[in-house]
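Right, one structure below, let's go through it.
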Protein chains: 2
Amino acid sequence: MPMDLALGVEDKMRAALPDLTRAERQVATHILRHYPVAALGSITALARAAEVSTPTVVRLCQKLGYRGYPDYQSALRGEVEAMLESPLVKHDRWAGGAPDTHILNRFADAVVANLQATFSQIDHADFDQVAGLLADPSRRIFAMGGRITHAHADYLVSLMKVVRPEVTLLSDMSNTWPPALLDMTPGDVLVAFDIRRYENSVLQLVELAVEQGAEVVVITDRWVSPAAAHARHTLTAHIEAPSAWDSTVSILVLVETLLAAVQSRTWDATQERMTRLETLYDRSRFFRRHR
Amino acid sequence: MPMDLALGVEDKMRAALPDLTRAERQVATHILRHYPVAALGSITALARAAEVSTPTVVRLCQKLGYRGYPDYQSALRGEVEAMLESPLVKHDRWAGGAPDTHILNRFADAVVANLQATFSQIDHADFDQVAGLLADPSRRIFAMGGRITHAHADYLVSLMKVVRPEVTLLSDMSNTWPPALLDMTPGDVLVAFDIRRYENSVLQLVELAVEQGAEVVVITDRWVSPAAAHARHTLTAHIEAPSAWDSTVSILVLVETLLAAVQSRTWDATQERMTRLETLYDRSRFFRRHR
DNA sequence: TGCTTTCCGAAATGATTGTAACAGAAATTG
DNA sequence: CAATTTCTGTTACAATCATTTCGGAAAGCA
């Protein structure tokens, strides 16, 4: 009994590829190259696009084990449905049987939805401006987060420090603020993370920073932190999750994308800096070489 | 001049929904409910599934601004192509025109690919066991990360502390270890984050913890940290990114999913704990109420 | 080279599709 | 309640589609 029935259409085609004739393979590779949209239309269109005759397409379908082109096509539509339904976790469809109930899959779905919502909403120009601010060596960078987002501020700072100097993490202990604020001059940049429930400490620091003439970038959720009122730029992220808390994944993605953008803008300076850092780390014997 | 031409098919349908007749709306909602696969087949199949006549479908298509069903369908196929090509960034197709070259989109694509790879590879049973360990109130939890992953360990600890007691972050300053190790008894759990380049300090701590009889969970990248050799459980994540560094997004997703799993396992105890924490925060006036 | 086998597309055919025209039903209006 | 408009399905028909048939081209073999 052939196992093919359980396989996806794509795999089946790939597997059959060696046993096909020249024209048939021409069709198959064309479909695979534009999978699966190429085979969603009529057989005529597909044949013309693949530069073969329609009977060839029919023969291919039958060779793959389908009754004809419509049969093949409906199998393909089923595949499309599966691909579209959940971008991730396509593998668990057969393993679990039940509609994805495992927390891993539910969470993954939520995360992807958040990313989708977040990224379709971000204004590219705005993002670029923020990246420009952070890449400007004449500005000092400060970052702070709330109870939950403190880790993200930490992450931003520790990686940004590799790219450029003058990056400071402001802890949420407010006694560390005054000295930092003392150094803050007009043009400096404060990146403030604040998601619900919005914290007074963040708002206060933002207000103080604005008074010092700093450019404030607020990264918040879609209900928008009150601190955003004072901010020059606001980046909003979607954070819904099937749990008691929110998911800050899209915030991390924003941070990493900002880092990548800054790094690419300052590549010359960064590169030299990074290699220097590497040798320092090597010499301090903290790292083990990856074989 | 109607802006409809630039809109996606789905949006267009939703927008037109109020202006449709009963039978037309029946078709439209059916399509939207099973979007877009329902309308990828023949008009006859669609009409039967939506329980209307075929001319109704035709009239709907024309009302939406298409010349007929085939025209509508080909527009739909274009949409499918876009959806499949990149799960995110559906919005930039018309804004940019050029093939998505903006760092936001490239990064988003990479992240989704990482999530896909990570989640299709995780063993659910293994994951559940880790969640079980972390949810066990009789075990103490310790966490540590490397230079980059320190923020993730921090995040795990600060949120886990809400759910349960006895959670400790081990900083990467090794002078904080001995007192922690002193408390570590057989059965306790150490969660160690270690991605390339793998750090000696993590490896050392893991070895020490194993000697104390602790259960070690290593969260690493797909090249697998040497520390994993000593671990009871290993969760691997994909971290490739279009930048000079890696993207730790999938690691954060793992962390958050673990948190969600633990929280749902200990919901009774957690809930009481969380409400207590809320009142404490309220009383300390650190937060501003979200209106 | 001749013979066979395999492969491929033009042509023919039946089936299905998508659409226009029409007519009855339903809703709306005066 | 009749008149009118709007909506919807049945019917009919042209267009397209998918498939089978068949002849010739290409490749393999003696």
Side-chain angles (χ1 to χ4, degrees), chain A residues 9 12-80, chain B residues 9 12-80:
Chain A
V9 180
K12 207 189 288 193
M13 288 180 68
R14 249 177 248 284
L17 221 46
D19 299 333
L20 299 179
T21 67
R22 194 256 318 155
E24 286 164 356
R25 194 159 41 237
Q26 209 165 310
V27 181
T29 55
H30 174 83
I31 296 178
L32 288 173
R33 202 185 310 279
H34 314 320
Y35 191 84
V37 197
L40 252 38
S42 77
I43 196 176
T44 331
L46 171 57
R48 185 162 34 232
E51 295 176 321
V52 297
S53 68
T54 48
T56 304
V57 179
V58 177
R59 282 190 287 263
L60 169 65
C61 295
Q62 290 168 344
K63 217 176 226 177
L64 288 173
Y66 301 97
R67 281 158 40 94
Y69 185 70
D71 188 26
Y72 166 80
Q73 207 178 35
S74 93
L76 206 66
R77 276 197 296 270
E79 193 123 312
V80 171
Chain B
V9 180
K12 207 188 289 191
M13 287 181 69
R14 247 177 250 284
L17 221 46
D19 299 332
L20 298 180
T21 68
R22 194 256 316 155
E24 286 165 356
R25 194 160 40 237
Q26 209 165 310
V27 181
T29 55
H30 175 85
I31 297 178
L32 288 173
R33 202 186 311 279
H34 316 331
Y35 190 83
V37 197
L40 252 38
S42 76
I43 195 177
T44 328
L46 170 57
R48 186 163 31 231
E51 296 177 320
V52 297
S53 67
T54 48
T56 303
V57 178
V58 176
R59 284 189 285 263
L60 170 64
C61 296
Q62 291 169 343
K63 217 175 226 177
L64 289 172
Y66 300 98
R67 282 159 36 95
Y69 186 69
D71 188 26
Y72 166 79
Q73 208 178 35
S74 93
L76 206 66
R77 275 198 295 271
E79 193 123 312
V80 171

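From a predicted model like this one, the values you see are computed outputs, not experimental measurements. Just so we're on the same page: letters track the sequence lines, and every chain starts at 1. Hydrogens, waters and symmetry mates play no part in the numbers below; they use all other heavy atoms, side chains included.
- Taking atom CZ of B:Arg25 as the reference point, atom P of D:dC7 lies 11 Å away to the nearest angstrom.
- The shortest distance between side-chain heavy atoms of A:Leu60 and A:Val57 does not fall below 4.5 Å.
- Within a heavy-atom distance below 4.0 Å of DNA chain D, the residues of residues 33-48 of chain A found are A:Ser42, A:Ile43, A:Thr44.
- In this structure, the side-chain contact (heavy atoms from CB on, under 4.5 Å) partners of B:Ala45, at least two apart in sequence or on a different chain, are B:Ser42.
- For the pair B:Ala38 and B:Ile31, the tightest heavy-atom approach, listed with the atom from each and the gap, is CB-CA, 4.2 Å.
- In this structure, A:Leu60 places its CG atom 15 Å from C1' of D:dT19, rounding to the nearest Å.
- Rounding to the nearest 0.5 Å gives a distance of 8.0 Å between OG1 of B:Thr56 and CZ of B:Arg22.
- Judged as a salt bridge (charged side-chain N to carboxylate O under 4.0 Å, His left out), and not counting sequence neighbours, the contacts of B:Arg14 are B:Glu10.
- Applying the salt bridge (Lys or Arg N to Asp or Glu O under 4.0 Å) test to residues at least two apart or on different chains, the pairs with a partner in residues 58-74 of chain B are B:Glu24-B:Lys63.
- Separation of atoms CG (B:Leu40) and CG (A:Leu40) is listed at 4.5 Å; rounding is to 0.5 Å.
- Look at OH on B:Tyr69: it is 10 Å from P on C:dT17, rounded to the nearest Å.
- The CD-P distance, from B:Gln26 to D:dT8, rounds to 9 Å in whole Å.
- Checked by atom type and distance alone, the side chain of B:Gln73 pairs as donor or acceptor with a backbone atom of B:Gly41 at under 3.5 Å.
- Inter-axis angle, ends of the helix from C:dT1-D:dA30 to C:dG30-D:dC1, five pairs per end, rounded to 10 degrees: 20°.
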Short N/O separations, protein against nucleotides 6-8 of chain C, under 3.5 angstrom:
residue : atom : partner : partner atom : Å
C:dC8   : OP1  : A:Arg22 : N            : 3.2
C:dC8   : OP1  : A:Ala23 : N            : 2.7
C:dC8   : OP2  : A:Thr21 : OG1          : 2.2

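- Residue A:Arg25 comes nearest to A:Pro18 through the heavy atom pair NH1-O, 4.1 Å, listed as atom of the first residue, atom of the second, then distance.
- Closest of all the heavy-atom pairs between A:Ala39 and A:Leu76 is CB-CD2, 3.4 Å.
- The side-chain contact (heavy atoms from CB on, under 4.5 Å) with A:Tyr72 is formed by just one residue from the set A:Met13, A:Gln62, A:Arg77; it is A:Met13.
- Nucleic acid contact class of A:Gln62 (heavy atoms, under 4.0 Å, all strands): sugar-phosphate only.
- Considering only the side chain of B:Pro55, D:dT10 comes nearest among D:dT10, C:dG18, C:dA11.
- Distance B:Leu20 CG to D:dT8 C1': 14 Å, rounded to the nearest Å.
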